[in-house]
A.B. asks: 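Have a look at this one.
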Amino acid sequence: MAYLSLHRGWSAMAVVMLAYVSIFLLSNAGCGGGVAAARLRTTSALSTNLLANGLGKTPPMGWNSWNHFSCQIEEKLIRETADAMVSSGLAAIGYEYINLDDCWAEFNRDSQGNLVPKASTFPSGIKALADYVHSKGLKIGIYSDAGTRTCSGTMPGSLGHEEQDAKTFASWGIDYLKYDNCNNDGTSPKKRYPKMSKALLNSGRSIFFSLCEWGQEDPATWAAKIGNSWRTTVDIQDKWESMTSCADQNDKWASHAGPGAWNDPDMLEVGNGGMTTEEYRAHFSIWAIAKAPLLIGCDIRSMDNLTLKLLSNEEVIAVNQDKLGVQGKKVKKDGDLEVWAGPLSDGKVAVVLWNRGPSNARVSANWSDIGLKSTTVVGARNLWEQLSESLVDGQLSANLESHASRILQFQDLLLPALSLVKNQGLLI
């Protein structure tokens, strides 16, 4: 169990006085510098280089078939998953995409060169399936590949068929495309992926474009113009070592993400059974603060209550979906002990304390670690326990079990830091 180390109590009069000082500082902050100006510069710079489909203003939320089912998918499973998304309450809190991954199509195209849904597993066709998913108030995603065949080798890729396939997807009512990188022709993804991006824009339907070239050519540096998200990592596995590696690889590119354009460290493994509860909690916390797509990868038809609780914490999800859209990142590393942090809208800050070591340890975040002035006083809220702590200044600590984490929100900043320093990564 963790406990938060809180510093110095504050009287009601002190709180009122600090609030007045805070208002004074905010009203007198120059428009040429500080937090607001830096955020505006970030938003302005990014918005000029975005894919012009208006999608992904916050990271996408939903479900994908691959992590749990691999190629073992069929239309009954997809319909039942859509049903479960609604009945579990997950749809009501923002999970909206039901995404088919690889293996949904026949081995060959038809005589006109069209992709054909696999008759043995999708006998009603994808259009009928999309209509069913849409009837539940949800959206549907599909999978293809910027190569001659997909990664499973069981169905054609879209290389050379971009316009045709994009129009097919649009005619079926597809809302999301994950576009993989297997069996390609050896040319750069920078040449192959824009073709599908353009085809989707010309398809007559708004389709979220998720690039999946595994971070091979640093897509964070070029993909915002053509996609809504891009993989920064190899495929995740349901193992601690894989999850933490994906988190670290993704963190490198934090400065390139923002509304409409997100780094993607791959889908969630929460609920698949290969990690402990605390490891899954850390997994979800880091994906939330890193503004990663929250695509559930377990079987939500049969998930247990603990898995549902982890996936449905609305306060943690709110960090991920915050309208400011600045990716949080690792700001302190002391061996296996880490602090991750990032700014939120309305002057708030999200902080994750994480013990990646093999034994219990005390993890501390000094205000200097997260770019706050030493005199800043905050109200700290533990988002997993949904408990507000008393006022804190200077430092916050937690005793954490091995691989455990705590995600907190610093709110009601009474003496706001008017310059979260760029070199700490809280503003980009």
Side-chain angles (χ1 to χ4, degrees), residues 4-7 10 15 18-19 21-23 25-26 29 33-43 58-59 251 254-255 257-259 284-292 313-333 338-354 363-398 405-428:
L4 299 178
S5 179
L6 306 178
H7 297 255
W10 292 81
V15 171
L18 285 168
V21 173
S22 175
I23 293 170
L25 286 172
L26 286 173
V35 173
R39 287 172 180 165
L40 287 173
R41 287 194 297 272
T42 300
T43 302
T58 59
D251 182 52
S255 65
F284 198 85
S285 297
I286 294 299
W287 263 236
I289 200 169
K291 303 298 188 290
N313 185 305
E314 294 186 58
E315 295 190 32
V316 179
I317 290 171
V319 170
N320 178 265
Q321 296 290 297
D322 183 76
K323 62 184 179 182
L324 186 62
V326 175
Q327 180 175 329
K329 64 176 297 180
K330 189 186 308 184
V331 297
K332 178 183 179 181
K333 179 176 176 59
E338 296 181 356
V339 177
W340 294 57
L344 304 173
S345 56
D346 301 322
K348 299 175 182 178
V349 178
V351 177
V352 173
L353 307 178
W354 195 9
V363 183
S364 298
N366 296 313
W367 274 203
S368 59
D369 299 327
I370 56 179
L372 296 177
K373 291 183 177 180
S374 60
T375 52
T376 301
V377 180
V378 306
R381 183 165 175 82
N382 185 322
L383 300 186
W384 281 115
E385 296 182 12
Q386 299 186 326
L387 294 174
S388 293
E389 307 293 341
S390 56
L391 297 177
V392 189
D393 75 314
Q395 184 190 75
L396 187 143
S397 301
S405 65
R406 292 294 179 271
I407 184 169
L408 304 118
Q409 179 176 279
F410 290 177
Q411 55 195 4
D412 301 325
L413 303 188
L414 301 179
L415 283 176
L418 296 179
S419 57
L420 293 180
V421 291
K422 286 186 179 180
N423 62 6
Q424 288 292 344
L426 294 187
L427 288 174
I428 344 171

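The first residue of the sequence shown is numbered 1, and numbering continues consecutively from there. What you see is a predicted model, and the numbers here were worked out from it, not measured in a lab.
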A.B. asks: How long is the straight-line distance from CG of Leu353 back to CG of Asp369, given to the nearest 0.5 Å?
C.D. replies: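 Reported value, rounded in 0.5 Å steps: 10.0 Å.
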A.B. asks: Could you report the tightest heavy-atom contact between Asn320 and Ala292, atom names first, then the distance?
C.D. replies: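 In terms of heavy atoms, the two residues are closest at ND2-O, 2.9 Å.
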A.B. asks: Stepwise, does the side-chain contact (heavy atoms from CB on, under 4.5 Å) test hold for Val316 with Trp287?
C.D. replies: CA-CA 10 Å; Val316 179; Trp287 263 236; over 6 Å; no
A.B. asks: Using the side-chain contact (heavy atoms from CB on, under 4.5 Å) rule, take Asn313 and Gln386 through it: C-alpha gap first, then chi angles, then the decisive distance, then the call.
C.D. replies: CA-CA 9 Å; Asn313 185 305; Gln386 299 186 326; 3.8 Å; yes
A.B. asks: Suppose we screen for side chain to side chain donor-acceptor pair (under 3.5 Å). Which residues come up paired with Trp340, at least two apart in sequence or across chains?
C.D. replies: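 Result, side chain to side chain donor-acceptor pair (under 3.5 Å) vs Trp340: Glu338.
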A.B. asks: Return yes if some donor-acceptor pair links the side-chain N/O of Asp322 with the main-chain N/O of Leu324 below 3.5 Å, else return no.
C.D. replies: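 Here the side-chain-to-backbone pair exists.
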A.B. asks: Could I get the full list of salt bridge (charged side-chain N to carboxylate O under 4.0 Å, His left out) partners for Lys323, not counting sequence neighbours?
C.D. replies: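 Applying salt bridge (charged side-chain N to carboxylate O under 4.0 Å, His left out) to Lys323 gives none.
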A.B. asks: Given side chains that start at C-beta, do those of Leu372 and Phe410 come closer than 4.5 Å, heavy atoms only?
C.D. replies: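 Of all side-chain heavy-atom pairs linking Phe410 with Leu372, at least one is under 4.5 Å.
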A.B. asks: With sequence neighbours excluded, tell me which residues meet side chain to side chain donor-acceptor pair (under 3.5 Å) with Ser374.
C.D. replies: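 Ser374 satisfies side chain to side chain donor-acceptor pair (under 3.5 Å) with no other residue.
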A.B. asks: Looking at NZ of Lys329 and CD1 of Ile286, how far apart are the two atoms once the value is rounded to the nearest 0.5 Å?
C.D. replies: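 Taking NZ in Lys329 and CD1 in Ile286, the distance rounds to 13.0 Å.
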A.B. asks: What residues form a salt bridge (charged side-chain N to carboxylate O under 4.0 Å, His left out) with Glu315, not counting sequence neighbours?
C.D. replies: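 Here the qualifying residues are Arg381.
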A.B. asks: Nearest heavy-atom pair of Ile289 and Ala341: which atoms, and what distance?
C.D. replies: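 Minimum heavy-atom contact is CD1-CA, 3.8 Å.
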A.B. asks: Can a donor-acceptor pair be found, under 3.5 Å and without considering hydrogens, that links the side chain of Lys291 to the backbone of Gly328?
C.D. replies: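 Side chain of Lys291 to backbone of Gly328, a donor-acceptor pair under 3.5 Å: no, none is there.
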A.B. asks: Return the set of residues passing side chain to side chain donor-acceptor pair (under 3.5 Å) with Trp384 (not counting sequence neighbours), or none when no residue passes.
C.D. replies: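 With neighbours one apart ignored, the set is Ser285.
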A.B. asks: Knowing that exactly one of Val349, Val392, Val351 qualifies, which makes a side chain to side chain contact (heavy atoms under 4.5 Å, CB included) with Val378?
C.D. replies: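 For Val378, the side chain to side chain contact (heavy atoms under 4.5 Å, CB included) test succeeds with only one of Val349, Val392, Val351, which is Val392.
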A.B. asks: Provide the closest heavy-atom pair for Ser364 versus Val339 in the form atom of the first, atom of the second, distance.
C.D. replies: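 Nearest pair, atom of Ser364 first, then Val339: O-CG2, 3.5 Å.
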